[in-house]
A.B. asks: 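Below is one structure. I have some questions about it.
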Protein chains: 2
Amino acid sequence: MSIEIFDSTLRDGAQAEGICFSVADKLRIASALDSIGIGYIEAGNPGSNPKDLEFFTQARQMTFRSAKLVAFGSTRRAGISAESDENVKALMRADTEVVAIFGKSWDFHVTDVIRTELEENLEMIRDTVAFFKSRGKEVIFDAEHFFDGYKANAEYAMAALKAAADGGADCLVLCDTNGGAFPETVYTVTKRVFETFDTKVGIHCHDDCGMAVANSMMAVEAGAVHVQGTYLGYGERCGNANLSTIIANLQIKLGKNCIPEEHLPDLAAVGRQMAEISNIHMNERAPYIGNSAFAHKGGMHIDGVMKSPHSFEHVVPESVGNARRFLMSEVSGKNTILTAIQKINPEIQKGSPETQAIIEKLKALEYAGYQFEGAESTFELLIRKHLGKYKPFFERIHYRIVGEQPAQADQSAYAFVKVKVDDRIEMTVAEGSGPVHALDKALRKALEVFYPVLKDVHLSDFKVRVVDTQAATAARVRVLIESTDGVHLWTTVGVSTDVIEASWLALVDSIEYKLLKELESKARAYI
Amino acid sequence: MSIEIFDSTLRDGAQAEGICFSVADKLRIASALDSIGIGYIEAGNPGSNPKDLEFFTQARQMTFRSAKLVAFGSTRRAGISAESDENVKALMRADTEVVAIFGKSWDFHVTDVIRTELEENLEMIRDTVAFFKSRGKEVIFDAEHFFDGYKANAEYAMAALKAAADGGADCLVLCDTNGGAFPETVYTVTKRVFETFDTKVGIHCHDDCGMAVANSMMAVEAGAVHVQGTYLGYGERCGNANLSTIIANLQIKLGKNCIPEEHLPDLAAVGRQMAEISNIHMNERAPYIGNSAFAHKGGMHIDGVMKSPHSFEHVVPESVGNARRFLMSEVSGKNTILTAIQKINPEIQKGSPETQAIIEKLKALEYAGYQFEGAESTFELLIRKHLGKYKPFFERIHYRIVGEQPAQADQSAYAFVKVKVDDRIEMTVAEGSGPVHALDKALRKALEVFYPVLKDVHLSDFKVRVVDTQAATAARVRVLIESTDGVHLWTTVGVSTDVIEASWLALVDSIEYKLLKELESKARAYI
C-alpha cells in the first residue's frame with residue numbers, strides 16, 4: 001500500500017522560530033526532498049509572502065523527478081467571488097500543478113477569528129475548491145483545527161469537509177493545528193471521516209503534546225493515505241510531525257510504500273543536508289537519522305550489541321543510512337576505551353595500569369569541559385601520548401594575536417606564530433578576517449615549510465560551544481574543528497576560557513593528527 | 001486518579017550522548033525534581049558505577065519533600081545466590097527505600113546475551129525480588145525488552161512478570177527498551193498484563209520511533225499507574241519518554257494527578273534548570289516548556305491569538321509556567337514589527353515609509369546572520385536609530401586586543417579601549433582570561449567614569465553560534481549576550497566574521513540599552 005508524503009518544510013517549517021529561508025535555500029531544500037522521492041513539496045504562501053512567489057517563478061526552471069510543487073493559501077474571503085480574491089489570484093500566479101487550500105472547520109474560528117457566518121464559510125470552501133478544480137488543479141483541502149472543531153461541533157466540522165468534497169477536492173486533510181489531540185481521538189475521528197467520504201483522507205499534526213508522529217501513525221491505521229509534516233519536524237511552536245521518522249516507521253516497520261525503496265538509505269544524509277541549509281543544529285537524538293540514534297553508551301548495551309546488534313537496535317542503522325557508534329566516556333565501560341587503546345598497542349589489557357591512567361585522564365578532561373564523543377582524533381592523540389607512542393612533529397614556542405577595530409584593509413586580525421622543528425625555528429605572521437582565521441593561516445604557513453603535505457589540509461567545520469554559561473565572558477569554551485585533506489575527515493577539540501587558545505589547541509591537534517597518519521601510511525608502504 | 005512519576009534522568013539520562021554528571025550535578029538535579037513533587041528518582045546503578053554509590057552516600061544528608069530515591073541494578077547472576085551477588089550487595093549498600101531490579105523478559109536475550117537457561121532466568125528474577133522484599137524494600141521490577149519479548153514469545157514474557165510478582169514485586173514495569181513498539185501494541189499488551197496480574201503496572205518507553213510519549217499515554221489508558229521516563233527526555237540513543245510532556249498531558253489534559261497541582265507552573269523553570277545543570281542546550285521546541293512552545297510567528301496565527309488565545313494555543317502558557325511570545329521576523333507580518341515601532345513612536349502607521357525602511361533593514365540584517373528573535377534589545381535600538389529617537393551615549397574610537405600563549409600571569413589577553421563621551425576621550429586597558437573577557441572589562445572601566453550606574457551591570461550569559469559553518473574559521477559568528485543589573489535582564493546580538501568584533505557589537509548594544517533605560521526612568525521620575 002502507498003502513502004503520499006507531503007512535506008511542508010518550506011511553508012509550515014518556515015514558521016518555526018529561528019528559521020529564515022532565502023529563495024536559494026528553498027530551491028536547495030526542494031531539490032533535496034525531490035532527490036529521495038518525496039511526493040509533494042508545499043513551498044509557500046504566495047498570497048501572504050511575495051518572496052514565495054519569486055520561489056515559484058524560479059522553481060519553474062527546475063526539473064523535479066518525483067515531487068509535485070504545492071502552493072498554499074486560504075479560501076476566498078467572505079462576500080466576494082473566488083475569481084476576484086487577491087489570495088486566490090496569487091495562488092494562480094504561482095502556477096503549480098497542485099494547490100493546498102486551508103479553510104475553517106471549527107465553528108468558533110469562523111465566528112470569532114475570521115468573523116463571518118457559518119453558512120458563508122462553507123460556501124467559501126466549496127467555491128474556492130471548485131474554482132481551482134475548474135482550472136485543472138489537483139486540490140488538497142486542509143481542514144484547519146479539524147479535531148478541535150470536531151470536539152466542539154462535530155456536525156459543522158463534517159459539513160466543512162463535505163463542502164470541500166462537493167467542490168471536488170482530491171484529498172481531505174484533517175489538521176490538528178493546535179497540536180492538542182490525543183492518539184485515540186485521532187484514530188476514532190479519522191476512521192469516521194474515512195467511512196463517511198469517498199475522497200482520500202490525509203493527516204496534518206503538530207507536536208504540542210509530543211505526539212505528532214504517533215497521531216499521524218494512528219490516522220494511517222484508521223485509513224488516511226496522505227501524511228503532511230516537515231522532514232525534520234520544523235514548524236510553528238513545537239513543530240510539525242517529523243516526516244523522516246514517519247517515513248521510516250511506515251516503510252520499514254509497517255511495509256507501506258512512502259518513497260522508492262532504494263532511497264531509504266538516503267534518509268540520514270538528506271536530514272543533515274536540510275539542517276545545514278536551514279542553519280539549525282541537527283537534532284542528534286532524532287529517531288533513525290540522528291547521530292545518536294544508534295549510539296550506545298551504557299556498558300551493558302555495548303556488550304549486548306557486540307553479541308547481537310538487534311539486542312539494542314530496533315532496526316539496522318544502515319537501512320536508513322545511519323551507523324552504529326560506541327561512545328567513549330566514563331559510563332561506556334572500560335571495554336570501549338580498551339578497544340581504542342588496543343588499536344595503538346594490542347598488548348595492553350583491561351587491568352593494565354595504562355588503561356586505568358587513561359581513564360583517569362579522560363575523566364579529568366571531561367570534568368574540565370572536554371568531550372571526546374565527537375573528537376576521536378584528539379582522543380587518539382591523548383592515548384598515544386600516554387603510551388609513549390607519540391613524538392610531537394613540532395614544538396609550539398609562542399603565538400600572539402592582535403585584533404582591532406576599526407580594522408585595516410578589511411582584515412581585523414593578525415597572528416604571529418613561532419614554532420620549532422628539530423633545531424630550526426620558524427616565525428610567521430598572517431592576517432585574517434578574525435583571530436582564529438589568522439592563527440590558522442599563520443600556523444600552517446610556518447609548518448608547510450617542513451611538511452608540504454599540509455598544503456592539502458583545510459578546515460571544513462568549526463564549532464564553538466560555551467561550556468559553563470553561568471560565568472559569562474570568563475566562561476570556558478569548547479572549540480571543535482573538523483579538518484579534511486580532501487579524502488579523510490577528522491575532528492579535534494580544544495577547551496579554554498580563551499576562545500583563541502581553545503581554537504589553537506584544536507588546530508594543533510588537527511595538524512599533529514594529519515602528520516601522524518601521513519607517517520603511518522608511509523611506514524606501511526615501506527613494509 | 002493518581003499516576004506515579006518515576007524519573008531516571010540520573011540513571012538512564014546519564015547514558016545519553018553528551019551527558020556527564022558530577023556527584024554535585026546529580027544532587028542538584030535530585031533537588032530540582034523533588035521541588036516539584038516527583039515521586040521517584042532513580043539515581044544510579046551502584047553495581048556498575050562506583051560514583052553512583054558516592055551519590056547515594058551524600059544524598060543521605062539531604063531531606064526530600066516527596067521523592068523516594070531509587071537504586072537500579074540487575075537481577076543476581078546465574079548460578080549463585082542473591083546474597084552473594086556483587087551487584088545485589090552494591091544495591092544494598094546504596095541503602096535506599098526503593099530498588100528497581102531489571103530482568104530479562106525476551107527469551108533471545110536470556111539465551112544469547114546473558115547466556116543462561118530460560119528457567120534459571122525466571123529463578124533469578126524471583127529470587128532477587130524476594131531478597132529485597134525480605135530486606136523491607138519497595139521493589140520495582142523492570143521487565144527489560146518486554147514488548148519485543150512478548151512479540152517473540154508471549155508466554156515467556158508473561159512468565160518473567162509472574163516470577164517478579166511471585167517474588168513480591170510492588171510494580172511490574174513493561175519496558176520498550178529498544179524503542180521500537182507502536183501505540184496500539186503498547187495498549188493491547190499493557191491491557192493484557194493489567195488484566196492478568198493484581199500487581200501495579202508501569203511503563204518505560206524509549207523514543208526510537210518518535211512515539212515514547214504517546215506509547216506512555218496509551219499504557220496509562222490501558223491501566224498503567226506508574227510512568228518512567230526522564231524529565232527532558234535524555235537517555236540512551238534517541239532518549240527516554242519525556243516526563244515534562246507526559247506530566248502536562250496527563251494532568252492538564254486528562255485530569256490525572258502526577259504532581260501536586262500547585263507545582264504545574266514550575267514545570268518550565270525546572271526544565272531550564274535541569275538543562276543548565278546537564279549542560280545541554282534546552283530544546284526550545286519542547287512541548288509545554290520550550291521557549292518556542294507558545295511562540296507565534298505566522299501573521300495569521302498572531303492575528304488569531306490576539307483575538308482569542310485558544311485559537312492557536314492548546315493550553316494556557318502560564319499553566320506550565322511558560323509565556324506567549326510573538327516573534328519578530330519577516331514572516332511575522334508587519335503587525336508585530338509595527339507594535340514594536342509604535343512603542344517608540346505611536347504615530348507611525350503600517351503604511352508609513354519608516355515601517356517599510358525598518359522591515360528592509362531587518363531583512364538585510366537577517367540575511368547577514370543576525371537574528372532578533374532572542375535579542376529584542378538590539379532590535380529596539382535598531383528601531384530607535386531609524387526613527388531618530390536615539391543619541392549614542394558614547395563614541396567608539398578604537399579597540400585593540402592582544403592575546404598570547406604562553407600567557408603571562410594567568411591572563412591570556414589584554415584589551416585597549418578608546419571611547420569618547422562629549423569632548424572627553426577615555427582610554428583604558430584591562431586583562432582577562434580571554435579576549436572577550438578583557439574587552440568587556442576595559443569597555444566598562446572606560447564608561448563607568450561617565451556613567452557610574454554601569455557598575456551594577458554584569459553579563460549573565462554568553463552564546464556563540466557559527467552562522468555559516470561551511471566557511472570554517474572565516475565563517476561568520478553570532479554572539480548573543482545576556483546582561484543584568486540585578487533587576488532586569490536584556491539580550492543583545494552582534495555578528496561578524498571575527499568573534500571579537502561580534503562580541504564587541506553585542507557588548508556596546510548592551511551598555512547603550514542599559515543607559516537608555518536609565519535615562520527613560522529618570523525622565524519618567526521627572527514628569
Side-chain angles (χ1 to χ4, degrees), chain A residues 14-15 17 20 109 112-113 178-180 183 208-211 213-214 236-239 242 245 249 285 287 292-293 295 297-298 304 307-308 311-312 314 327 331 366 373 399-405 412 433-434 436-437 440 459 461-464 466 469 472-475 497-501, chain B residues 14-15 17 20 109 112-113 178-180 183 208-211 213-214 236-239 242 245 249 285 287 292-293 295 297-298 304 307-308 311-312 314 327 331 366 373 399-405 412 433-434 436-437 440 459 461-464 466 469 472-475 497-501:
Chain A
Q15 290 179 222
E17 179 160 17
C20 180
H109 261 265
D112 288 48
V113 177
N178 291 6
D208 299 74
C209 294
M211 302 196 284
V213 167
E236 191 82 40
R237 305 184 312 275
C238 302
N242 185 313
T245 310
N249 278 346
R285 270 164 44 195
S292 300
K297 185 166 164 187
K307 286 172 178 160
S308 183
S311 65
F312 288 94
H314 69 129
L327 301 179
V331 302
E366 281 187 346
E373 288 170 10
Y399 78 68
R400 172 178 293 193
I401 57 112
V402 176
E404 63 188 338
Q405 284 294 341
S412 62
S433 58
V436 181
H437 186 214
D440 174 41
L459 307 188
D461 201 355
F462 175 71
K463 287 180 187 158
V464 181
V466 176
T469 55
T473 43
T497 53
D498 180 341
V499 65
I500 311 298
E501 194 195 7
Chain B
Q15 289 179 224
E17 180 161 15
C20 179
H109 260 266
D112 287 48
V113 178
N178 292 5
D208 299 73
C209 293
M211 302 197 283
V213 167
E236 190 83 38
R237 303 183 313 274
C238 302
N242 185 314
T245 310
N249 278 347
R285 272 163 44 196
S292 300
K297 185 166 166 187
K307 287 172 178 160
S308 184
S311 64
F312 288 93
H314 70 129
L327 301 179
V331 302
E366 280 187 347
E373 289 170 8
Y399 78 67
R400 172 177 292 194
I401 58 112
V402 176
E404 64 186 338
Q405 283 295 340
S412 62
S433 58
V436 181
H437 185 215
D440 173 43
L459 307 189
D461 202 356
F462 174 70
K463 288 180 185 157
V464 182
V466 177
T469 55
T473 44
T497 54
D498 179 342
V499 64
I500 311 298
E501 193 195 7

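Chain naming here is simple, since letters A, B, ... match the order of the sequence lines and numbering starts at 1 in each.
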A.B. asks: Grab the two heavy atoms, one from A:Val213 and one from B:Met211, that are nearest each other, plus how far apart they are.
C.D. replies: CG1-CG, 3.8 Å
A.B. asks: Check the side chains of A:Asp498 and B:Ser412 for a donor-acceptor pair under 3.5 angstrom, ignoring hydrogens and angles.
C.D. replies: yes
A.B. asks: Please determine, among B:Val402, B:Ile401, B:Val464, the option with the most heavy-atom pairs under 4.5 Å with chain A.
C.D. replies: B:Ile401
A.B. asks: Keeping A:Thr497 on the side-chain end and B:Ser433 on the backbone end, is there a donor-acceptor pair under 3.5 Å?
C.D. replies: yes
A.B. asks: Any idea which of B:Val499, B:Ile500, B:Asn249, B:Asp112 has the most non-hydrogen atom pairs under 4.5 angstrom with chain A?
C.D. replies: B:Asn249
A.B. asks: Between B:His109 and A:Phe312, what is the shortest heavy-atom contact and its length?
C.D. replies: CE1-CE1, 3.7 Å
A.B. asks: Tell me, please, which residues at least two apart from A:His314 pass ring pair (Phe, Tyr, Trp, His ring centres under 6.0 Å).
C.D. replies: A:Tyr288
A.B. asks: Between B:Asn242 and chain A, with a heavy-atom cut-off of 4.5 Å, which part of the residue counts as in contact: side chain, backbone, both or neither?
C.D. replies: neither
A.B. asks: Among the options B:Gly180, B:Cys209, B:Ala214, B:Pro183, pick out the one with the most heavy-atom pairs lying under 4.5 Å from chain A.
C.D. replies: B:Cys209
A.B. asks: Shorter than 4.5 Å, heavy atoms on both sides: which option in B:Lys307, B:Gln405, B:Arg237, B:Arg400 has the most such pairs with chain A?
C.D. replies: B:Gln405
A.B. asks: So for A:Thr245, is it side chain, backbone, both, or neither that comes closer than 4.5 Å to the heavy atoms of chain B?
C.D. replies: side chain
A.B. asks: With a 4.5 Å cut-off on side-chain heavy atoms, are B:Lys297 and A:Glu17 touching?
C.D. replies: no
A.B. asks: Can you tell which of B:Gly239, B:Gly304, B:Gly210 has the highest number of heavy-atom pairs within less than 4.5 Å of chain A?
C.D. replies: B:Gly210
